[in-house]
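Right, one structure below, let's go through it.
The chains referred to below are lettered A, B, ... by the order of the sequence lines, with proteins before strands, and numbering in each begins at 1. Please read these numbers as outputs of a predicted model, since none were measured by experiment.
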Amino acid sequence: MISFTLNGEKVESRGNGNERLLDVLREEFSLTGPKEGCGEGECGACAVLMDGRLTNSCITPLANAAGREVVTIEGYSRTDRYRVLEKCFAEEGAVQCGFCTPGMVMAAEGLLSVDPDPSEEDVRLAISGNLCRCTGYNMIIKAIMRASKEGKGLW
Amino acid sequence: MVRNYFPETLSEALKIKRDDPETVPVAGGTDVMVSKKDAGSYLYLAGLKELKQTCVSGDDLVIGAGEAYRELLEEPLIPELLKAAMREVASPAIRNSGTLAGNICNASPAGDTLPPLYCMDAEVELSSMTGDGQVTARKLAISEFITGVRKLNKRPEELVTAVVIPGFKKTNGMKMYYEKVGARRSEAISKLSFAGLCLRDDNSKIISDIRFAFGSVGITTVRIRDEELKFLSAKDGRYSDMAEEITNDLDRVLKPIDDQRSTAEYRKRVSLNILKDFLQKCSEGSL
Ligand SMILES: Cc1cc2nc3c(=O)[nH]c(=O)nc-3n(C[C@H](O)[C@H](O)[C@H](O)COP(=O)(O)OP(=O)(O)OC[C@H]3O[C@@H](n4cnc5c(N)ncnc54)[C@H](O)[C@@H]3O)c2cc1C
Ligand code: FES
Ligand code: FES
């Protein structure tokens, strides 16, 4: 059994250490927010936070989650920070099909938690490992910039 | 059934590696998990605190094998040249998990940290456990450790425990040059890369040390000390003339290949142009 904290709760997984964290989250814990895009670390659709840091769950062995704090979009959506990001993403038109969105929001949190007042360039870098086939990125960047202003004090 | 080992201490990990030498070490897993070759067993190193330490020992900087890029980028002791390369690796998420030692052990001709490590004469510390439970360690120059594409001069029972930068303060005092050419800003495996260091006295205009190394133009990183020494031997500070000779020499030496990321011709031409630019800037003192 591999134990870790998942969205604030202590859990134990029956999975093998070499299983992909993504599969364990989606199948054993029914958390389908993290998506499988490429399965090779290149698109960020599967991104979660581990100890507050952006991590691609498709290339993370379950073993590496042992003893760590894992947060998926499901857990994150219960926070005030999320509500600001949600509003800004919606109002800036940063969501079209939505497949990339959980990963984009996780990447935004990964940035804002260490840099609450980022430049546009910082935001571009922070989401550089997340692919979006719909929006052309500018709306996502605007949304994150705006959230950093409207959510002042939250990060 | 796949076996998974979760050692809690380094000596436990070394014992497992001694008793099951075929087990595959996993650090950040960013290469292992993508390769999708199923191994019979895995040895997870991410929980080992002993490998997560970076310290100064005499003139050496000793970087723990378990340190991820993210941690090293935040560490003031790490030489700027190495940081310049680490900033260009993959994406933020991968820099949070991927390790320097993993990049070395992956032994890819396109490994981005390798040209800086070659320039700095980095060494790899290999540890193992003997039959009677003694831990022994040896150090190898990185150029002797990596012998080919995914080929290492490493005994099966050994683990990499540290990456050592000897005399790191001296290299930190040198001017640096780094260039990575990829298809796009992020997550682009290099088409080619180049790292250089130069020590020039601005008063006398004498260059007393120079190092340069090329990535992705051969099966391993290319660094040729004789060419560096040749440059330093330029008479009466006529470095610019020597630069041309060096570039011609390298034209004969670099043997890139065609692959899905680039062509041999492109790689060679751009690498030589970058070399020319570097040597020019060293000569002028404009690095
Ligand atoms: C999307 C994507 C983009 C990438 N982009 C780049 C890039 O731009 N530049 C680049 O250079 N690389 C890139 N990589 C490759 C990879 O991220 C790096 O090589 C990384 O540094 C590997 O570190 P790791 O800790 O994840 O290694 P792991 O996958 O854990 O291990 C890599 C290899 O090293 C061995 N190993 C690890 N630690 C030890 C040890 N202590 N002792 C003995 N053997 C050990 C493993 O058995 C394995 O063979 C990319 C990978 C992905 C998935
Ligand atoms: S699915 Fe994990 S990065 Fe694409
Ligand atoms: S909104 Fe469709 S992939 Fe980003």
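- With a 4.5 angstrom heavy-atom cutoff, B:R3 does not touch chain A via any of its atoms.
- For B:Y178 and B:F194, the ring centers sit 6.0 Å or farther from each other.
- Listed for the B:R95 side chain is a donor-acceptor partner under 3.5 Å among the backbone atoms of B:V89.
- Most heavy-atom pairs under 4.5 Å with chain B: of the set A:E40, A:R53, A:R68, A:R20, this distinction falls to A:R53.
- A side-chain donor-acceptor contact under 3.5 Å links A:N7 and A:T72.
- Side-chain contact between A:P118 and A:D115 is present, with at least one heavy-atom pair separated by less than 4.5 Å.
- Residue A:A126 touches chain B through its backbone alone, counting heavy-atom pairs closer than 4.5 Å.
- Residue contact with chain B, scored on non-hydrogen atoms closer than 4.5 Å, is absent for A:L49.
- Only the side chain of B:S97 comes within contact range of chain A, with heavy atoms under 4.5 Å apart.
- With B:Y5 contributing its side chain and B:A13 its backbone, the two residues share no donor-acceptor pair below 3.5 Å.
- Below 30°, between 30° and 60°, or above 60°: for B:Y44 and B:F6 the angle between ring planes is below 30°, a parallel geometry.
- Residue contact with chain B, scored on non-hydrogen atoms closer than 4.5 Å, is absent for A:I127.
- Judged by distance alone, the side chain of B:N96 and the main-chain N or O of A:N56 form no donor-acceptor pair under 3.5 Å.
- In terms of heavy-atom pairs under 4.5 angstrom with chain B, the leader among A:T55, A:L111, A:N64, A:I2 is A:N64.
- Ranked by non-hydrogen atom pairs under 4.5 Å with chain B, the options A:G39, A:A47, A:A63 are led by A:A63.
- Neither the backbone nor the side chain of A:R124 comes within contact range of chain B; no heavy atom of the residue lies under 4.5 Å from a heavy atom of that chain.
- Using modelled atom types, one side-chain atom of A:S57 and one backbone atom of A:C46 make a donor-acceptor pair closer than 3.5 Å.
- For A:V48, no part lies near chain B; criterion is any non-hydrogen pair under 4.5 Å.
- Neither the backbone nor the side chain of B:A39 comes within contact range of chain A; no heavy atoms are under 4.5 Å apart.
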